[in-house]
A.B. asks: 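Below you'll find the structure I mean.
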Amino acid sequence: MNIVVCIKQVPGTTDVKISEKTNTLIREGVESIINPFDMYAIEEALKIKEKMSGKVIILCMGPPPAKEAIKEAIAMGADEGILLSDRAFAGSDTWATAYTLSMGIRKIGAYDLILCGKQAIDGDTAQVGPGVAEALGLPFVAYVRKIEEIREGYIRCDRMMEEGYEVIAMPLPALITVVKEINEPRLPSLKGMLRAKKAEVATWTAKDLSAEPANLGLTGSPTQVMKIFSPPQRPGGEMILGEIDEQVEKLVNRIRELKIV
Amino acid sequence: MSIRVIKEKCSGCKLCLKSCPFGIITIDNKLAIIGEGCNLCGACVTTCKFNALVMAKEQPAIKDYSGYRNIWVFAEQRNGKVEGVAYELLGEGRKLADILRVPLCAVLMGDKMAEPAKELIAHGADKVYVYDDPLLTNFQDDSYGEVFIKLIAEEKPEIILIGATSIGRSLAPKIAYRIRTGLTADCTSLEVDPRTRNLLQTRPAFGGNIMATIICPNYRPQIATVRHKVMKKASRNASHEGEVIRKNFDFSKINIKTKVINIVAELAKTINIAEADIIVSGGRGMGGAENFKLLEELAQVLGGAVGSSRAAVDAGWMPYSHQVGQTGRTVCPKLYIACGISGAIQHLVGMQSSDVIVAINKDPQAPIFKVATFGLEGDVLQLVPALTRQFNKVLGGDY
Ligand SMILES: Cc1cc2nc3c(=O)[nH]c(=O)nc-3n(C[C@H](O)[C@H](O)[C@H](O)COP(=O)(O)OP(=O)(O)OC[C@H]3O[C@@H](n4cnc5c(N)ncnc54)[C@H](O)[C@@H]3O)c2cc1C
Ligand SMILES: Nc1ncnc2c1ncn2[C@@H]1O[C@H](COP(=O)(O)O)[C@@H](O)[C@H]1O
């Protein structure tokens, strides 16, 4: 079973601010990590591989430093990694990202299952996974919290819903996006880290992918960011002081004045 | 948008060259040149001491989209009942439709949908496209997606609003990818420019630390998923008139690959926190699983649900389905009572648009107090039961 895992390198914190002077993101001094949801995707791929043999291939689109993310995944146990990197990819929205990743997967060729995280913590869109599936004409299930059964040509999994879950079956090849409940990601092993150090990570450019230039990067992205701004602050509140009985009485009165209960 | 170099101001000092994370700036003849592949991060703009670099907005390309008209709303149904979010979309869609002077339409798929279709009209839909088919009883990406994609190709709407539910956020990217258009996820505010007819879609990013306004000027339709509980529901008016358009889809022509084998409800007994008007939420400060009983009692008196911080979920005190925050649910109740929760940003982004926030914490410096409408400094183990007693007294409950 060959499994492709799409991982994104993201800032290690979402606690970013906007410079008031220039209205751009302040991103200095923030270390990069593998998108936390993609860690679950890597772990799930490794578990499947341990049961059924095969290969786990990591695919990441990003600037050259994103190689570090791929190496970390190799240290966890992935077999190989490919970085899609080209200036032409810069500024991609979810459509262009899904297109580019799908071209990378086409080039990889032999795959049974594609795993993505539920969403990336920088954009929080959750659109790239389903987009990749659509680009490849594959069936997919988003928000998977458990794989109940997987065998040659078949997968059955639980999709997390608001009120519970749904059990869905589909033929392979297919794509799933995974949520946190699915597993507990392992730490890299010492052996893995040594292997990762020596591992060659291939870099594929737009030309290697035979990608349509009109579908790439900023040019290929239907959406545009018009502006970014800091969310409005909630006005500061009122501290209710006193003995316990006073506090609760005052609070209950306030809430009743507001006609909430 | 692009970054422009103002020739008169540029001194060729190379500061920008060093600041560019992508290394695409070159200096030619004492003038900065921005190469291919700029992603507009703005680092150079910030660094330039001479104000020679500016973010410039480009004129939108003029394409003829006059063939694309009308506002559509996806009327998500589960178990034959239209979801609350669909009525919120009708409320918001009505505003947009009035500004653009076009009809507001709903798209409804399911089995035995005659009654729900009427409800949609009573809530302001001018047209409802109805697909009644046993194959559409439950949501499935491939069947719903193919039906939707075909209808879009036939009718050419200019804006499509879809609830940002687990169904909507799975369906929308499939549609948007296939018809090659933009999709903006999880919007919390929408406006429309009557001149360009562009939808200005505002959404949180970076876990709510930043808001971004997204447009899709060169493609139609414009598609947005919209967060539940932030838009106002359309009011019901039984005399509102609309047209039901019955449609059929020939499923023999497509290959449905996914199969729903079972649907399991888990939150049958507890109230779904995303829907609740009142949420009593507990964090690590509750001290242990057994103390969540106190929150359940308060929630019961108030007719609310119990939520939780991630710390309490990680400790195994509450199931994940109750987690509020960046990696849990986004909630927007009328009243959110945070008990023993410090107020980390990842928690705040999931609840800070609640109407009224009450914080109970023994640490007066806890960040939760910054967003709280009312703050009570003290011990949750004493304050929560006292609050339950007081509410019970004034509400005359029999608890
Ligand atoms: C990528 C990422 C995603 C995350 N997603 C989420 C998320 O979705 N939701 C979420 O909640 N968190 C999330 N977190 C975690 C978040 O950063 C905080 O760690 C978490 O919210 C803290 O939970 P807490 O407030 O319950 O615990 P603490 O921060 O430990 O706070 C406990 C509070 O209780 C008070 N207290 C203690 N005893 C008492 C008492 N007897 N009476 C009154 N007050 C008392 C203390 O003063 C303290 O303020 C995420 C973190 C990361 C990195
Ligand atoms: N640049 C990228 N490279 C590789 N995978 C990505 C990239 N962007 C997004 N993904 C995958 O798509 C998922 C959803 O991302 P998003 O739609 O951006 O929230 C992530 O969890 C990744 O698995």
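In the text below, chain A, chain B and the rest are named by the order of the sequence lines, each starting its count at 1. Nothing here was measured: the structure is a model prediction, and the numbers come from that model.
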A.B. asks: Between atom CD1 of A:I168 and atom CD1 of B:I263, what is the distance when rounded to the nearest 0.5 Å?
C.D. replies: 8.5 Å
A.B. asks: Can you name the residues of residues 177-184 of chain A that have some heavy atom under 4.5 Å away from a heavy atom in chain B?
C.D. replies: A:K180, A:E181
A.B. asks: Checking heavy atoms, do the side chain of B:D379, its backbone, both or neither come under 4.5 Å from chain A?
C.D. replies: neither
A.B. asks: Just how far is it from atom CD of A:E166 to atom CG of B:N138, taken to the nearest 0.5 Å?
C.D. replies: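 Rounded to the nearest 0.5 Å, the CD-CG separation comes out at 6.5 Å.
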A.B. asks: Check each atom of A:Y165 against the heavy atoms of chain B and say whether the ones under 4.5 Å are side chain, backbone, both or neither.
C.D. replies: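 Both parts, heavy atoms under 4.5 Å.
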A.B. asks: Measure across A:T223 and B:G182 and return the closest heavy-atom pair with its distance rounded to 0.1 Å.
C.D. replies: CG2-CA, 3.6 Å
A.B. asks: Top residue by heavy-atom pair count (under 4.5 Å) with chain B, among A:A120, A:A135, A:P63?
C.D. replies: A:A135
A.B. asks: Can you tell if the side chain of A:Q224 reaches within under 4.5 Å of the side chain of B:P217, non-hydrogen atoms only?
C.D. replies: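 Yes, close enough: below the 4.5 Å cut-off.
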A.B. asks: Heavy-atom pairs under 4.5 Å with chain A: which of B:A386, B:S166, B:A185 has the most?
C.D. replies: B:S166
A.B. asks: If I compare all heavy atoms of A:R156 with all of B:I261, which pair ends up nearest, and what's the gap?
C.D. replies: CD-CD1, 3.5 Å
A.B. asks: Quick check on B:V349 against chain A: is it the side chain, the backbone, both or neither that has a heavy atom closer than 4.5 Å?
C.D. replies: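 Neither; nothing under 4.5 Å.
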A.B. asks: With a sphere of 6.0 Å drawn around CD of A:E257, does it hold more than 12 non-hydrogen atoms of other residues, nucleotides or ligands?
C.D. replies: yes
A.B. asks: Kindly indicate, with the supporting measurements, whether the criterion salt bridge (Lys or Arg N to Asp or Glu O under 4.0 Å) is fulfilled by A:R159 and B:D141.
C.D. replies: CA-CA 12 Å; A:R159 160 165 59 203; B:D141 292 283; 3.1 Å; yes
A.B. asks: Look at the side chain of A:W95 and the backbone N and O of B:Y177, then say whether any donor-acceptor pair between them is shorter than 3.5 Å.
C.D. replies: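 The answer is yes, because a donor-acceptor pair under 3.5 Å joins these two groups.
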A.B. asks: Quick check on A:L241 against chain B: is it the side chain, the backbone, both or neither that has a heavy atom closer than 4.5 Å?
C.D. replies: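 Neither the backbone nor the side chain of A:L241 comes within 4.5 Å of chain B.
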A.B. asks: Under 4.5 Å from any heavy atom of chain A, what part of B:L200 do you find: side chain, backbone, both or neither?
C.D. replies: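 Only the side chain of B:L200 comes within 4.5 Å of chain A.
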A.B. asks: Go through the steps for A:E162 and B:R78 under the test salt bridge (Lys or Arg N to Asp or Glu O under 4.0 Å), then give the verdict.
C.D. replies: CA-CA 11 Å; A:E162 279 82 356; B:R78 297 188 191 191; 3.1 Å; yes
A.B. asks: Heavy-atom distances under 4.5 Å only: say whether B:S353 touches chain A with side chain, backbone, both or neither.
C.D. replies: backbone
A.B. asks: Please state whether the side chain, the backbone, both or neither of B:N262 comes within less than 4.5 Å of a heavy atom of chain A.
C.D. replies: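 For B:N262, backbone and side chain are both near chain A.
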A.B. asks: Examine the side chains of B:T373 and A:E238 and answer whether a donor and an acceptor come within less than 3.5 Å of each other.
C.D. replies: no
A.B. asks: Is it the backbone or the side chain of B:F374 that comes under 4.5 Å from a heavy atom of chain A, or both, or neither?
C.D. replies: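 Both parts, backbone and side chain.
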A.B. asks: To the nearest 0.5 Å, what is the distance between CD1 on A:I260 and CG on B:D355?
C.D. replies: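 Rounded to the nearest 0.5 Å, the CD1-CG separation comes to 7.0 Å.
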A.B. asks: Which is it for B:I210 and A:F229 under the side-chain contact (heavy atoms from CB on, under 4.5 Å) test, yes or no, and what are the steps along the way?
C.D. replies: CA-CA 6 Å; B:I210 281 180; A:F229 55 99; over 6 Å; no
A.B. asks: Is there a donor-acceptor contact under 3.5 Å from the side chain of B:R203 to the main chain of A:D124?
C.D. replies: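 Such a contact is found between B:R203 side chain and A:D124 backbone.
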A.B. asks: Which heavy atom in B:V394 sits nearest to a heavy atom in A:R256, and how many Å separate them?
C.D. replies: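 Of all heavy-atom pairs spanning B:V394 and A:R256, the closest is O-NH1, 3.7 Å.
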A.B. asks: Please classify the contact between B:A176 and chain A as side chain, backbone, both or neither, with a heavy-atom cut-off of under 4.5 Å.
C.D. replies: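 Only the backbone of B:A176 comes within 4.5 Å of chain A.
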A.B. asks: Is A:I255 close to B:V358 at the side-chain level, that is, under 4.5 Å between some pair of heavy atoms?
C.D. replies: yes
A.B. asks: With a 4.5 angstrom heavy-atom cut-off, is it the side chain or the backbone of B:I278 that approaches chain A, or both, or neither?
C.D. replies: side chain
A.B. asks: Given 3.5 Å as the limit, does a donor-acceptor pair link the side chain of B:Q390 with the main chain of A:L251, or not?
C.D. replies: no
A.B. asks: Near A:K146 NZ, under 6.0 Å, is it more than 12 heavy atoms from other residues, nucleotides or ligands?
C.D. replies: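 Count not over threshold, so no.
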A.B. asks: Look only at the side chain of A:Q127 and the backbone of B:L183, and say whether a donor-acceptor pair between them is shorter than 3.5 Å.
C.D. replies: yes
A.B. asks: Would you say A:E246 has more than 12 foreign heavy atoms packed within less than 6.0 Å of its CD?
C.D. replies: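 Atom CD in A:E246 is crowded, with more than 12 foreign heavy atoms closer than 6.0 Å.
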A.B. asks: Tell me which of these, A:G129, A:P130, A:A142, has more heavy-atom pairs under 4.5 Å with chain B than the rest.
C.D. replies: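 Most pairs with chain B among the choices: A:P130.
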A.B. asks: Please state whether the side chain, the backbone, both or neither of B:K370 comes within less than 4.5 Å of a heavy atom of chain A.
C.D. replies: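 When you check distances to chain A, only backbone atoms of B:K370 fall under 4.5 Å.
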A.B. asks: What closest approach, in Å, do B:R180 and A:P222 show between heavy atoms, and which atom pair accounts for it?
C.D. replies: NH1-CG, 3.5 Å
A.B. asks: Please determine, among B:S354, B:G145, B:P204, the option with the most heavy-atom pairs under 4.5 Å with chain A.
C.D. replies: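 Option with the greatest count: B:S354.
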A.B. asks: More than 12 non-hydrogen atoms from neighbouring residues, nucleotides or ligands closer than 6.0 Å to CD on A:E152, yes or no?
C.D. replies: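 Not more than 12 within 6.0 Å, no.
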A.B. asks: Can you tell me which portion of B:T181 sits under 4.5 Å from chain A's heavy atoms? Options are side chain, backbone, both or neither.
C.D. replies: backbone
A.B. asks: Quick one: what part of A:Y99 sits under 4.5 Å from any heavy atom of chain B, side chain, backbone, both or neither?
C.D. replies: both
A.B. asks: With a 4.5 Å limit on heavy-atom distance, are the side chains of B:Y320 and A:R145 in contact?
C.D. replies: no
A.B. asks: Any side-chain heavy atom of A:T125 sitting closer than 4.5 Å to one from B:D186?
C.D. replies: no
A.B. asks: Looking at chain A, which one of B:L383, B:I215, B:L387 has the largest number of heavy-atom pairs inside 4.5 Å, strictly under?
C.D. replies: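 If we count pairs closer than 4.5 Å to chain A, B:I215 comes out on top.
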A.B. asks: Quick check for you: among A:R254, A:Q247, A:E249, which has the greatest number of heavy-atom pairs under 4.5 Å with chain B?
C.D. replies: A:Q247
A.B. asks: When only pairs under 4.5 Å are counted, which of B:Q222, B:R169, B:K334 shares the most heavy-atom pairs with chain A?
C.D. replies: B:R169
A.B. asks: Are more than 12 heavy atoms, taken from residues, nucleotides or ligands other than B:D193, located less than 6.0 Å from that residue's CG atom?
C.D. replies: yes
A.B. asks: Quick one: of B:Q201, B:Q382, B:E377, B:K174, who has the most non-hydrogen atom pairs under 4.5 Å with chain A?
C.D. replies: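 The candidate making the most pairs under 4.5 Å is B:K174.
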A.B. asks: Quick check on A:N253 against chain B: is it the side chain, the backbone, both or neither that has a heavy atom closer than 4.5 Å?
C.D. replies: neither
A.B. asks: Which of the residues A:G217, A:S230, A:G220 is involved in the greatest number of heavy-atom pairs with chain B at under 4.5 angstrom?
C.D. replies: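 Result: the option with the highest number of such pairs is A:G220.
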A.B. asks: Find out whether A:M226 and B:I214 are in side-chain contact, i.e. whether some heavy atom of one side chain is under 4.5 Å from a heavy atom of the other.
C.D. replies: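 No - every pair of side-chain heavy atoms lies 4.5 Å or more apart.
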